[in-house]
> 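The following block contains the structure, expressed as structure tokens.
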There are 2 protein chains.
Amino acid sequence: MTPATAAAPARDCELKIECSNCNLLELCLPIGFSTPELERLDSLVGTRRTVRQSGRLFRSGDPFVSVFAVRTGFFKTSATSGGGRHQVTGFQMAGELLGLDGISTGQHSCDAVALEDSQVCVIPYARLELLSREFADLQRQFHRILSREIVREHGVMLLLGSMRAEERLAAFLLNLSQRLRARGFSGSSLILRMTREEIGSYLGLKVETVSRAFSKLNDEGVLEVRQRQVRVLDELALRRLLDGA
Amino acid sequence: MTPATAAAPARDCELKIECSNCNLLELCLPIGFSTPELERLDSLVGTRRTVRQSGRLFRSGDPFVSVFAVRTGFFKTSATSGGGRHQVTGFQMAGELLGLDGISTGQHSCDAVALEDSQVCVIPYARLELLSREFADLQRQFHRILSREIVREHGVMLLLGSMRAEERLAAFLLNLSQRLRARGFSGSSLILRMTREEIGSYLGLKVETVSRAFSKLNDEGVLEVRQRQVRVLDELALRRLLDGA
DNA sequence: CGTTTGCTTGACAGCATTCAACGTTGGTGG
DNA sequence: CCACCAACGTTGAATGCTGTCAAGCAAACG
């Protein structure tokens, strides 16, 4: 950092890391790109931004300028309806994109809150549009990501529409577990970054119900729950909860 | 049509109608395009396809080749999970796009079934990719549509996660009403194209509960329900159901 | 005209919510 | 260092909404 920028907020002090030397390559926007392609992509990411725990990356109503790729940390997004109803619509971890909802109207339609100190890559949407017009692989990958989000939400609708409390929790944990594994973490021993309330909001359940479901699975020996520290003891039993009904 | 193709199935016998002279311009992919732009777009739509009532446009697992724009008629899409769970994920009417889920994996992940005799424009995805690379307005519009679908599903998640039966039905009817109005139909006198079972599946409710909710709103003078013929007598009351809780 | 499919209604059971109390954890300031 | 507080989490009892089961009705179809 140069002396002249010493007073700038910490978020601008990051080392320049580009897509081509990012360790999230396998998970993020540039999946499967070759090295020369990647170098053209380096101009895509404008800046980095650090968001402290419980800080907001954007909020509903903010003008949409960029999408964000989670580099480190953990986020939740939540939507609010006219009547003041509120619901967590997703949890995002490294390599996942945030802000796609804003493309629709030019304004963000949900809030994105960091559940731990986090860092994101800022991807100006105008530049993404431009680059993906001359770069078919990028275009395709971006479309895939948008489509994947649609499919993911179909899954959530299925969960909310047809599962009981324990089944919802099982689906939630299995999903989390699988995504952690894909990032090289243990899938069986996880630390939840969100409160029971946030889990409940996401799963369409009240806190007490979430807590009870945890306790039940704990008593049955499927999980070992100690606050936010969760160990999956019997993954098969979790899966059976989904398929068996 | 040339004599050589006379034996082709009826679905290929449509008159050639192009985007530039389609009456769904305001609702479909080419919103806000100018005439010269539209003419370049005419090459986008490959063919038309007719789907009879309860016929399938595509089903889960089918290779993804095209997206479809509803020209006339009415569709439902439904997703099935591993455990055999089944849920209607949406209803589509004129001007709305079908098949966006397939971009993600190259295979469709839900079924699309016509709820009445319908006709769709077949939009080969490869051509859409190509054209939207050289045609920024098309690119932007397509992204908007994908994003809008994400936002729509946020709304459904909110509905499924936090509303009670009557409120869900109210939200459903208001949404239907608004979309019909946008197409020049009455928003207060509507004929449902789907069964109670399909409504229930979409709203995460059993048939009996849907029926009871209809009856209750009918008895309260909010609706006039005669089978699938529904008249909205007190739209404000419907809205209050959403905001008031 | 009979059969099938869809719709409605009633009685009852079950699961999640609500309300309330208590336990735990982590941060703050005395 | 400890006490206190606030936020989070757990558990119990009672209520209520929705699901389930069952029966009857209405409309569509051949």
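Letters A, B, ... are given to chains in the order of the sequence lines, protein chains preceding strands, and every chain is numbered from 1.
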> Would you kindly give the CD-to-C1' distance between A/Glu198 and D/dA7, to the nearest whole Å?
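In whole Å, D/dA7 C1' lies 12 Å from A/Glu198 CD.
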> What's the CZ-P distance between A/Arg193 and D/dG9, to the nearest Å?
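The distance from CZ of A/Arg193 to P of D/dG9 comes to 14 Å, rounded to the nearest Å.
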> Can you see which heavy atom on A/Leu169 is nearest to which on A/Val210, and at what distance?
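Looks like CD2-O, 4.4 Å.
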> Decide yes or no, distance alone: a donor-acceptor N/O pair under 3.5 angstrom between the base of D/dG9 and the side-chain of A/Arg212.
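Side chain to base: no pair present.
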> Less than 6.0 Å separating the ring centroids of B/Phe91 and B/Tyr202?
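B/Phe91 vs B/Tyr202: aromatic centres under 6.0 Å.
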> Checking all strands, does A/Gly200 fall into the base, sugar-phosphate, or nothing category for heavy-atom contacts under 4.0 angstrom?
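It contacts nothing in the nucleic acid.
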> Rounded to the nearest angstrom, tell me the gap between atom CD in A/Gln229 and atom C1' in C/dG26.
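Those two atoms, CD and C1', are 17 Å apart.
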> To the nearest Å, give me how far apart CD (B/Gln53) and P (C/dT5) are.
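So the CD-P distance, B/Gln53 to C/dT5, works out to 15 Å.
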> What integer distance in Å separates A/Asn218:CG from D/dT10:P?
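The distance from CG of A/Asn218 to P of D/dT10 comes to 9 Å, rounded to the nearest Å.
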> Give a yes or no on whether the backbone of B/Met163 and the side-chain of B/Arg168 come within a donor-acceptor separation of less than 3.5 Å.
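Yes; judged by distance alone, with no hydrogens or angles, the pair exists.
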> Choose from D/dG9, C/dT17, D/dA27 the nucleotide whose nearest atom is closest to any side-chain atom of A/Thr209.
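Closest nucleotide to the A/Thr209 side chain: C/dT17.
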> Taking only N and O in the side chain of A/Arg228, is any of them less than 4.0 Å away from OP1 or OP2 of D/dG9?
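Indeed, a polar side-chain atom of A/Arg228 lies that close.
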> By nearest atom, which of the nucleotides D/dT18, C/dT8, D/dA13 is closest to the B/Ala165 side chain?
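Among D/dT18, C/dT8, D/dA13, the one nearest the side chain of B/Ala165 is D/dT18.
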> Rounded to the Å, how far apart are B/Glu167 CD and D/dG16 P?
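In whole Å, D/dG16 P lies 17 Å from B/Glu167 CD.
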> Quickly work out the B/Lys206 NZ to C/dA16 P distance and round it to whole Å.
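It is 14 Å, rounded to the nearest whole Å.
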> For C/dC7, take OP1 and OP2 only and decide whether either is under 4.0 Å from a side-chain N or O of B/Ser211.
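False: B/Ser211 side-chain N/O out of range (4.0 Å or more) of C/dC7 OP1/OP2.
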> Looking at C/dC15, does its base get a donor-acceptor pair with the side chain of A/Glu166 below 3.5 Å?
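Checked by distance alone, the answer is no.
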> Quick check for you: among D/dG9, C/dC7, C/dA20, whose closest atom lies nearest to any side-chain atom of B/Gln227?
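Among the listed nucleotides, the one closest to the side chain of B/Gln227 is C/dC7.
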> Do the rings of A/His108 and A/Phe58 sit parallel, tilted or perpendicular, given the 30° and 60° boundaries?
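Parallel: the ring planes of A/His108 and A/Phe58 meet at under 30°.
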> Which whole-number value in Å describes the distance from A/Met194 CE to D/dG9 P?
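Result: 11 Å.
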> Let me spell it out: for each of A/Glu208 and A/Gly161, pick the nucleotide of DNA chain D with the closest heavy atom. Which residue's pick is nearer the 5' end?
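By nearest-heavy-atom nucleotide position, the 5'-most residue is A/Glu208.
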> Check every atom of C/dT8, D/dC8, C/dC15 against the side chain of B/Val207 and return the nucleotide holding the closest atom.
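Output: C/dT8.
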> Examine D/dT10: is either OP1 or OP2 under 4.0 Å from a nitrogen or oxygen in the side chain of A/Arg196? Give yes or no.
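For D/dT10, OP1/OP2 do have a side-chain N/O of A/Arg196 under 4.0 Å.
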> Would one find a side-chain N or O of A/Ser215 under 4.0 angstrom from OP1 or OP2 of D/dT11?
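Yes, such a contact exists.
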> Salt bridge or not between A/Arg212 and A/Glu166? Use side-chain N to carboxylate O under 4.0 Å.
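Judged by the 4.0 Å cut-off on N to carboxylate O distance, A/Arg212 and A/Glu166 do not form a salt bridge.
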> For the side chain to side chain contact (heavy atoms under 4.5 Å, CB included) test, which of A/Phe75, A/Phe74, A/Phe185 pairs with A/Met93?
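One option only clears the test, and that one is A/Phe74.
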> For the side chain of B/Arg164, counting heavy atoms from C-beta on, which of C/dA16, D/dT18, C/dT18 is nearest?
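Among the listed nucleotides, the one closest to the side chain of B/Arg164 is D/dT18.
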